[in-house]
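A note on names: the letters A, B, ... follow the listed sequences, proteins ahead of strands, and every chain is numbered from 1. Quick note: numbers below take in every heavy atom, side chains included, and nothing from hydrogens, waters or symmetry partners. Everything numeric here is computed off the predicted structure, so don't read it as measured data.
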Protein chains: 2
Amino acid sequence: MKLEEAKRNFVETWGTLGTNWGINRTMAQIHALLMVSEQPLSTDEIMEILDISRGNANMNTRALIDWGLAERKVKLGERMEFFVGEKDIWKVAVKIIRERRKREIDPMRSTLRDLKMIDDKDEKKEEYQRFIKLLDDIDSFADSADKIADKMVLADKNWFFGTMMKLMIK
Amino acid sequence: MKLEEAKRNFVETWGTLGTNWGINRTMAQIHALLMVSEQPLSTDEIMEILDISRGNANMNTRALIDWGLAERKVKLGERMEFFVGEKDIWKVAVKIIRERRKREIDPMRSTLRDLKMIDDKDEKKEEYQRFIKLLDDIDSFADSADKIADKMVLADKNWFFGTMMKLMIK
DNA sequence: TTGAATTTTCAAAATTTATTGAAAGATAAA
DNA sequence: TTTATCTTTCAATAAATTTTGAAAATTCAA
């Protein structure tokens, strides 16, 4: 296998993977392409290499920037925008965690908390208690997961996968 | 809000959530319904309550059983099958982690490892090195995440969210 | 055995999600 | 200004995923 071929495969694989992690295929492919590119790429280059439309390329470079997974890069004397991808895999993971938390976890926790506003508290005593306990369990699980996510977002990669790992695995 | 209404909302919310975590809406709804049901439910009851077809109910109860998120329960003297959902949210998380790892992480790691079989090692020396480093970084990140998942799968909930949490957060 | 009850399958239909491409909107050099 | 270059939007279209429902397969009591 040649290097270029391996890179192409990488872009495809990362694209497939992305769909499992809340990132659509094209968005993940563009990100993968930017990760393996030695140079910043323009929208036209991305369109050309991935064989996608201008609209699609634009939407998804934009989304990558929203997520903090890519940056705009202006080249002196060039009118066009170029894009650079986040290549540090630790940072990539942290950005995905942060963004998904904001979009999914936080809203769902608040929805689930609202469900505790039940007014027939006295009837069906035990059934009521069991339901509330389920909601509380979910919330406390989410809270712990959230704290770990917090720690990750703030932590240094080496601390997390060095110190913490040793504590956990020993 | 009445208890029954809150439960209905819970089923809907859990269904929406599921789609973000590799579980389709109906599968997540059935799971939610089984979590809040005081009694095991039959396929007919699930069809009736969620207003879905028999095929859909069958496919998704089956999927839940595959994932370890529900169990079949036979009632004495009844011909029909009944289903019971896993209600312990820690166990639910562990089963989802285990299953997704098996279906996604393991295959992707092996695909990415294969990409290292590049034969033009000497040409473009630096570019080659950078690409290999990216693949190695991803693999070592995945390895750490995997080890944490392992620990979770084997650990006791209280150890994980008690002892470990204290170590991490302090 | 037979046949009624129940479960499973899967092609077709419906729904959801992603993509296209052309037109409108910016931007900046001339 | 004007004009050419580049970016954004979004309705229409395409692709992917989920759901249906009826037929086939299975199970079990009689």
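A straight line from CD1 of A:I65 to C1' of D:dT8 spans 13 Å, rounded to a whole angstrom. To the nearest angstrom, C1' of C:dT16 lies 14 Å from CG of B:N20. Between A:R72 atom CZ and D:dT7 atom C1' the separation is 9 Å, expressed in whole Å. The distance from atom CD of B:E78 to atom P of D:dT27 is 19 Å, rounded to the nearest whole Å. In this structure, B:R62 atom CZ and C:dT9 atom P are separated by 8 Å, rounded to whole Å. Spacing between atom CE of B:M80 and atom C1' of D:dT26 amounts to 16 Å, rounded to whole angstrom units. Across the protein-nucleic acid pair, A:I46 atom CD1 and D:dT8 atom C1' stand 15 Å apart, rounded to whole Å.
Ion pairing between A:R62 and A:D66 fails under the 4.0 Å rule for side-chain N and carboxylate O. At a threshold of 4.0 Å, the pair A:K73-A:E78 does not count as salt-bridged, since none of the basic side-chain nitrogens sits closer than that to a carboxylate oxygen. In summary, A:E12 and A:R8 do not engage in a salt bridge, as defined by a charged side-chain N under 4.0 Å from a carboxylate O. A salt bridge between B:R130 and B:E126 is present, with a side-chain N of the basic residue lying under 4.0 Å from a carboxylate O of the acidic one. Taking 4.0 Å as the cut-off between side-chain N and carboxylate O, B:D137 and A:K87 do not count as a salt-bridged pair. Residues A:E5 and A:K2 are not paired through a salt bridge, judged by the lack of any N-O separation under 4.0 Å between the basic side chain and the carboxylate.
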Would you tabulate the nitrogen or oxygen pairs shorter than 3.5 Å linking the protein to nucleotides 17-23 of chain C?
unit_1: C:dT19; atom_1: OP1; unit_2: A:T26; atom_2: OG1; d: 2.6
unit_1: C:dT19; atom_1: OP2; unit_2: A:T26; atom_2: OG1; d: 3.1
unit_1: C:dT19; atom_1: OP2; unit_2: A:N56; atom_2: OD1; d: 3.4
unit_1: C:dT20; atom_1: OP2; unit_2: A:S53; atom_2: N; d: 2.8
unit_1: C:dT20; atom_1: OP2; unit_2: A:S53; atom_2: OG; d: 3.1
unit_1: C:dT20; atom_1: OP2; unit_2: A:N56; atom_2: ND2; d: 3.0

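Within the structure, every side-chain polar atom (N or O) of B:N58 is placed at least 4.0 Å from both OP1 and OP2 of C:dT7.
Residue side chain A:R79 reaches the base of D:dT5 through a donor-acceptor N/O pair under 3.5 Å, judged by distance alone.
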